[in-house]
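Positions are given from 1, in the same order as the sequence printed here.
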Amino acid sequence: MAVLLDTSVLIGAEKGPDDDAAISVVSLTELHFGVLVARDDETRALRMRRLGAIEDHFDALPFDAAVARECGRLHALVAKRGGQPRRRAFDLAIAATANVHGVPLLTYNIRDFQILAEEIDVRTP
């Protein structure tokens, strides 16, 4: 694996993912939530198709003990720097997954990670 895809990339990508990319199980959580809160049947169906394709393509990396430790560390850093880690809980869990696996995090929302710029290798597509 060369890169971990943030949920924003899974949602906004215009082409299919590279074979050397991975995702976090946390992104699956966000995508399932998106299906459940869709404002109408057409949006729900579109999101469900995207989710199905993503689940078929990837074996999501787990949120395990190592990721939990790193996630706690990132939450503490955000709090120490005056940020609100609870607002960023899913983002921080995905970033922790990238850190534990030693790969860059690919995201369209690079600003979400600025408070931890030196702690996370964040890149845009």
Using a 4.5 Å side-chain heavy-atom cut-off and chaining through intermediate ILVMFWY residues, the residues clustered with F33 come out as V37
A side-chain contact here means heavy atoms from C-beta on lying under 4.5 Å apart; do [X] and [Y] qualify?
X    : Y    : value
T107 : T7   : no
V25  : L61  : no
T43  : L46  : no
L5   : S27  : no
Y108 : P125 : yes
T124 : L106 : no
V103 : V3   : no
D6   : N109 : yes

Notebook entry, point to check: Which pair of non-hydrogen atoms, one from A95 and one from F113, has the smallest distance, and what is that distance?
Noted result: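 A95 and F113 have their closest heavy atoms at CB-CE2, 4.0 Å.
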Closest heavy-atom pair, A2 versus P104, reported as atoms and distance to 0.1 Å, is O-CD, 3.2 Å
Checking V26, L116, L77 against L92 for side-chain contact (heavy atoms from CB on, under 4.5 Å), the one that qualifies is L116
Applied to residues 44-59, the salt bridge (charged side-chain N to carboxylate O under 4.0 Å, His left out) test, sequence neighbours excluded, yields D41-R44
_Strictly by salt bridge (charged side-chain N to carboxylate O under 4.0 Å, His left out), give each pair with a member in residues 108-125 just once, sequence neighbours left out._
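As it turns out, the salt bridge (charged side-chain N to carboxylate O under 4.0 Å, His left out) pairs with a partner in residues 108-125, which skip direct neighbours, are R73-E119, R81-E118, D121-R123.
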Could you measure the distance from the CD1 atom of I115 to the CD atom of Q84? Nearest 0.5 Å is fine.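 Reported value, rounded in 0.5 Å steps: 9.5 Å.
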One should read off an interatomic distance between L105 CG and S8 OG, to the nearest 0.5 angstrom, of 8.0 Å
Practice task
With side-chain contact (heavy atoms from CB on, under 4.5 Å) as the test, would you mind laying out the steps for T97 and E70 before giving the verdict?
Solution key: CA-CA 8 Å; T97 304; E70 177 63 5; over 6 Å; no
Practice task
Could you tell me whether the side chain of H57 and the main chain of A53 form a donor-acceptor pair under 3.5 Å?
Solution key: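 It does not hold such a pair.
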